[in-house]
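Below you'll find the structure, written out as structure tokens, and then a few comments.
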Amino acid sequence: MTENMADVLAQADPGSPVERRSLWTRFSSKSPVVLALLALVLGFLIGALVIIFSTNTVLDAWRGIFSSWGAPGHALKVTFDNVGAAYRAMFTGSVFDPSQFWHSIATGKQWDNTLTPLSETLTYATPLIIASIAVGIAFQTGIFNIGANGQAIMGGIAGASIGSMINMPAIVHIPLTLAAGIVGGMVAGSIPGFLKAYTGAHEVIVTLMLNYVIAFFLVFVLLSTPFQLPGQSNDISRTMHSSAQLAPLFGAASGLRVSYGIFIAAAVVYFAWWFLERSSLGFDFRITGNNPNAARASGINARRVIVVVFLISGGLAGLAGVVQVSSTTHYVDGNFLIGSAGIGFTAITVALLGRNRPMGIVWGSLLFAALGVGGRNMQAATGIPLDLATIIQSVVVLFVATPVLVKEIFRLRSSSAQGIQLATKGWGS
Amino acid sequence: MRIELRGITKRFGSFTANDRIDLVVEPGEIHCLLGENGAGKSTLMNVIFGQLQPEEGEIVIDGETIKFANSGEAVRRGIGMVHQHFMLVPVFSVAENVVLGFEPTKSFDRLDRKKAADEIRRVSKEYGLEVNPDAVIEELPVGLQQRVEILKALSQDAELLILDEPTAVLTPQEIEALMAIMRSLAKAGKSILFITHKLKEVRAVGDVITVIRQGRVVGSVPPTTSEAELATMMVGRDVKLTVTKEAAAPGDEVLEIRDLVVRDDRGLAVVNGVTLNVRAGEIMALAGVQGNGQTELVEALAGMRRIESGTITVRGRDVTNNKPREMLDEGLGHIPEDRQRNGLVLSMSVADNLVLNTPRRAPFARRGTRNLDAVEQNARQQVKDFDIRTTSTRELVSSLSGGNQQKVIVARELSRPLAFLVASQPTRGLDVGSIEYVHRQIVNQRNEGLGVLIVSSELDEVFALGDRIAVMHEGRITGVVDATTSRETIGLMMAGASSQSAHD
């Protein structure tokens with residue numbers, strides 16, 4: 001009602017403040033990118049508050065602001081110093097360190113150190129992008145695949161097995177290893193797929209619970225004969241042969257971990273775009289996700305769609321798992337994708353952040369990876385715990401999920417349904 | 001309680017749902033509000049119940065002008081409403097549901113279950129509404145759940161009870177029981193507003209019947225009015241529709257329905273032995289008051305509802321219980337009754353919606369890859385040919401007006417090679433211009449030799465389009481007659497008379 005009123009007012013009186021506000025709105029309120037950026041700004045602002053309230057030197061400075069004339073200024077300075085140092089460390093640790101860059105320019109050496117932050121961010125982003133695409137494709141079809149993490153673990157197990165137990169030339173071994181990962185994820189994904197299609201079981205419950213089953217299956221496998229590293233009693237698998245590993249992009253000697261996996265991620269992004277925007281099957285998927293009734297009336301077989309969605313989503317999640325293994329650790333252990341390393345869970349948030357669109361997911365994954373990598377550098381440089389990065393990630397997602405709130409904070413006119421459409425619907429059916 | 005509505009007008013944007021409605025309900029009176037879906041009945045009830053605020057007009061209760069800001073105020077003033085979709089908590093007991101929001105409490109804010117149960121027993125006894133206070137809602141049949149809703153209203157001392165389409169979900173026996181309850185409540189001095197589109201019911205239970213159509217009161221009549229007359233009041237239209245069309249030149253039979261039995265979601269055989277045929281080059285209009293099985297019949301034709309017994313034949317091929325895809329491949333064109341639910345994907349573009357059920361057909365796709373140029377070209381052509389008013393083919397369908405949304409469906413269905421067309425309420429909610437346009441298109445297709453089955457509850461549409469008219473009542477065809485048959489005869493047939501007795 002108030003929006004309509006505002007419209008009427010704006011038309012009646014072009015000089016009113018309402019009109020000024022709508023000018024600023026014109027380029028922004030419809031764009032999800034602007035909203036995401038504003039959410040990011042809010043995330044960093046709230047992160048700054050957390051730093052202020054959890055750093056003793058800052059708090060002490062504020063406690064003493066009445067002690068002398070210079071104290072308020074000093075308190076402000078201390079605040080900016082601390083917050084600035086934290087965010088600077090985050091940036092230099094994940095994107096680019098100017099001082100290191102000038103050092104490399106001046107000396108012509110240590111270019112690897114200059115590129116390390118970016119390399120690390122990309123290394124973390126690579127499997128995350130693939131897993132998030134897996135979740136996003138399912139979301140676009142109206143399916144909540146909460147089990148991407150379990151599917152990724154299955155992919156990792158299958159890939160590590162093929163990669164470590166047989167010997168063959170790299171040109172065959174790498175594709176075979178990746179294919180094994182995809183099949184592993186598909187097997188895990190087919191369970192909720194068939195259960196939902198043929199018994200009506202709710203996919204959220206099934207996939208969520210399967211995550212636990214698979215987590216324990218991982219431990220079981222790692223302690224069983226053919227998989228466990230021979231001569232070990234720990235839960236650790238054999239190491240993949242180098243012919244099955246995704247090699248570092250700039251050679252092992254460079255020390256940069258970013259691997260050929262980023263090309264796989266790029267291929268997956270392209271596939272997802274093609275699938276959703278150009279393929280007939282993807283069109284069926286989107287119709288099903290947006291209006292299941294119309295899908296049925298248009299002759300789309302809902303069961304088939306559900307099963308195929310889970311095969312594709314599970315397969316991609318499995319690929320994320322195998323890429324993770326063969327580009328970083330080259331073996332699977334009991335902590336593989338468990339706890340805070342669970343990219344399959346992070347993928348759900350990233351898919352939401354990227355509105356389930358392939359390119360949105362790429363940016364979302366890069367942001368999450370940068371915050372994670374940068375957070376580690378911040379912890380090392382300033383002592384502020386890594387959890388701050390998690391707080392910022394959470395706040396960003398929170399605000400992206402509540403576009404109305406962001407618009408209110410930044411005084412954007414809420415254009416109701418036109419602004420952001422929530423990528424996900426209810427939990428029912 | 002005596003409630004009077006004076007000139008109530010409620011608009012939604014440019015759409016007027018209620019247009020200067022006057023209505024008086026006397027104490028102890030069962031007042032029936034009769035009208036088609038979308039006539040504005042539910043809007044009016046929500047205005048009375050305080051959930052919507054009217055733009056104009058006033059509500060007078062016992063001589064006092066009242067304005068409700070919300071339904072809570074309406075409840076306190078003695079108005080109770082039983083919604084079509086029950087507002088009960090399925091896992092709570094009857095007693096808990098009845099007292100919900102007005103719970104009697106003991107010390108420390110604990111719910112006084114005994115007092116709640118006693119309250120139920122008291123109200124049950126007073127009005128003869130038997131129900132076990134300790135039963136859990138989800139284990140009760142629908143009829144009893146509704147009784148709980150009524151109990152809830154009564155326990156809050158409702159003097160006026162609004163029943164919104166209460167019989168839609170009930171079996172015939174439950175409807176009988178409900179009517180007995182309504183009569184006993186009226187005897188106890190309660191006023192009842194009973195909303196329905198079923199003619200039989202209003203005549204059976206009503207003291208006064210007010211018919212509304214397109215947001216306006218058509219008139220108030222006594223329950224002795226004939227069903228035929230009521231049907232005509234309900235479905236008549238102010239604007240006369242005329243479609244110039246030549247005499248039909250019917251060819252071979254394209255669609256044959258024989259002894260079809262289809263059950264609805266409740267398991268009732270709402271299509272009960274329908275036999276009907278449509279020939280190429282003719283329009284068969286299926287008339288009837290809504291809710292007599294037409295919806296389920298069309299769903300069965302589209303392959304979206306299981307056929308219990310009987311057969312459907314298209315061009316001599318048995319297509320009984322085909323899947324929706326198979327029916328489309330047989331050449332079924334379907335303009336569904338609820339366009340936004342079954343016909344369109346609102347969050348997709350006009351161009352995509354125009355190929356919604358032919359995404360894999362050449363030239364729109366090749367080997368699993370969509371040809372977006374062909375899709376776009378098709379969209380431009382259809383937008384031009386069918387005069388779809390949109391700023392761009394990439395515009396989301398949700399931003400189009402209802403008439404243009406319908407044109408998208410009509411364009412999509414008619415631009416495919418078809419064996420026959422089923423159009424269900426093809427012009428509901430459209431403005432006069434769009435109605436004419438859609439009718440024109442359908443007649444053109446028929447002239448080119450398409451067999452068409454139109455399902456409509458609007459008599460004017462039936463007469464404007466039909467070459468032959470079949471009338472459906474309570475799941476059966478009461479007769480198939482010529483388009484020259486009088487309105488009165490059709491009206492009688494819609495009320496259940498066979499074509500023979502209607503003529504007499």
Side-chain angles (χ1 to χ4, degrees), chain A residues 1-5 7-8 30 32 139-142 197 270-305 308 311-312 355-357 415-426 428-429, chain B residues 13 53 298-299 301-305 322-330 332-349 351-362 364-373 375 396-399 408-409 412-413 416 422 424:
Chain A
M1 226 20 162
T2 36
E3 273 81 48
N4 290 341
M5 291 277 292
D7 279 350
V8 174
K30 276 198 175 179
F139 272 158
Q140 288 243 26
T141 320
Y270 178 78
F271 164 77
W273 171 84
W274 173 85
F275 181 77
L276 290 169
E277 303 294 326
R278 291 287 182 273
S279 78
S280 299
L281 190 59
F283 189 55
D284 286 357
F285 278 28
R286 283 191 296 135
I287 295 173
T288 309
N290 282 298
N291 185 349
N293 293 311
R296 187 153 168 261
S298 305
I300 293 169
N301 182 341
R303 280 185 180 163
R304 184 163 156 260
V305 166
V308 176
L311 290 180
I312 292 179
R355 301 178 76 222
N356 302 327
R357 307 286 166 75
S415 55
S416 62
Q418 294 287 323
I420 269 199
Q421 266 192 331
L422 259 196
T424 57
K425 300 203 205 96
S429 66
Chain B
Q53 271 63 48
V298 170
E299 284 176 354
L301 283 175
M304 293 172 70
R305 189 173 280 280
N322 267 14
K323 296 205 173 81
R325 180 78 259 163
E326 293 164 338
M327 287 309 291
L328 291 169
D329 291 341
E330 287 291 344
L332 161 81
H334 180 202
I335 300 175
E337 180 179 329
D338 187 338
R339 55 176 165 262
Q340 300 201 340
R341 186 179 143 89
N342 290 326
L344 297 167
V345 180
L346 291 179
S347 50
M348 284 189 173
S349 70
D352 279 348
N353 273 283
L354 280 167
V355 295
L356 205 62
N357 51 22
T358 54
R360 289 157 201 282
R361 197 185 292 269
F364 304 132
R366 261 184 77 207
R367 280 183 272 116
T369 308
R370 301 183 69 206
N371 181 347
L372 292 189
D373 289 339
V375 170
L396 298 186
V397 163
S398 57
S399 65
V408 170
I409 297 179
R412 179 180 72 216
E413 299 304 313
R416 289 188 290 132
V422 177
S424 195

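Here is the naming used below: chain letters follow the sequence lines, and residue numbers restart at 1 for every chain. Worth saying up front: this structure is predicted, and the values here are computed from it rather than measured.
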Fill in: chain B contact via A:Asp284 - which portion, at a heavy-atom distance below 4.5 Å
side chain
Practice prompt. For the pair B:Asn353 (side chain) and B:Ile409 (backbone), establish whether a donor and an acceptor sit closer than 3.5 Å, ignoring hydrogens and angles.
Written response: no
Item to complete: Give the member of B:Thr358, B:Asp352, B:Leu328 that has the highest number of heavy-atom pairs under 4.5 Å with chain A.
Response: B:Asp352
Fill in: Among the listed options A:Asn301, A:Asn293, A:Ile300, A:Ile287, the residue most often paired with chain B at heavy-atom distances under 4.5 Å
A:Asn293
Worksheet entry | B:Glu299 portion near chain A, given a 4.5 angstrom heavy-atom threshold | neither
Worksheet item: Which bit of B:Val355 is near chain A, if near means a heavy-atom gap under 4.5 Å: side chain, backbone, both or neither?
Response: both
Practice prompt. For A:Asn290 and B:Met348, indicate whether the former's side chain and the latter's backbone hold a donor-acceptor pair under 3.5 Å.
Written response: no
Practice prompt. Give the intermediate values and the outcome of side-chain contact (heavy atoms from CB on, under 4.5 Å) for residues B:Glu337 and B:Val298.
Written response: CA-CA 9 Å; B:Glu337 180 179 329; B:Val298 170; over 6 Å; no
Fill in: Under 4.5 Å from any heavy atom of chain A - which part of B:Leu346
neither
Practice prompt. Check for a donor-acceptor pair, side chain of A:Arg303 on one end and backbone N or O of A:Ala197 on the other, with a separation under 3.5 Å.
Written response: yes
Worksheet item: Is there a donor-acceptor pair under 3.5 Å between the side chain of A:Arg278 and the backbone N or O of A:Phe283?
Response: no
Worksheet item: Measuring heavy-atom distances to chain A, does B:Asn371 have an atom under 4.5 Å in its side chain, in its backbone, in both, or in neither?
Response: neither
Response to the item:
Highest number of heavy-atom pairs under 4.5 Å with chain B among A:Ser298, A:Ala295, A:Ala297, A:Gly282 belongs to A:Ser298
Discussion item. With a 3.5 Å distance limit and no angle check, can you tell me whether A:Arg357 reaches the backbone of A:Trp273 through a side-chain donor-acceptor pair?
Written reply: no
Practice prompt. Check whether B:Leu356 gets within reach of chain A through its side chain, its backbone, both or neither, counting any heavy atom under 4.5 Å.
Written response: both
Worksheet item: What heavy-atom pair brings A:Asn291 and B:Arg341 nearest, and what distance separates the two atoms?
Response: ND2-O, 3.0 Å
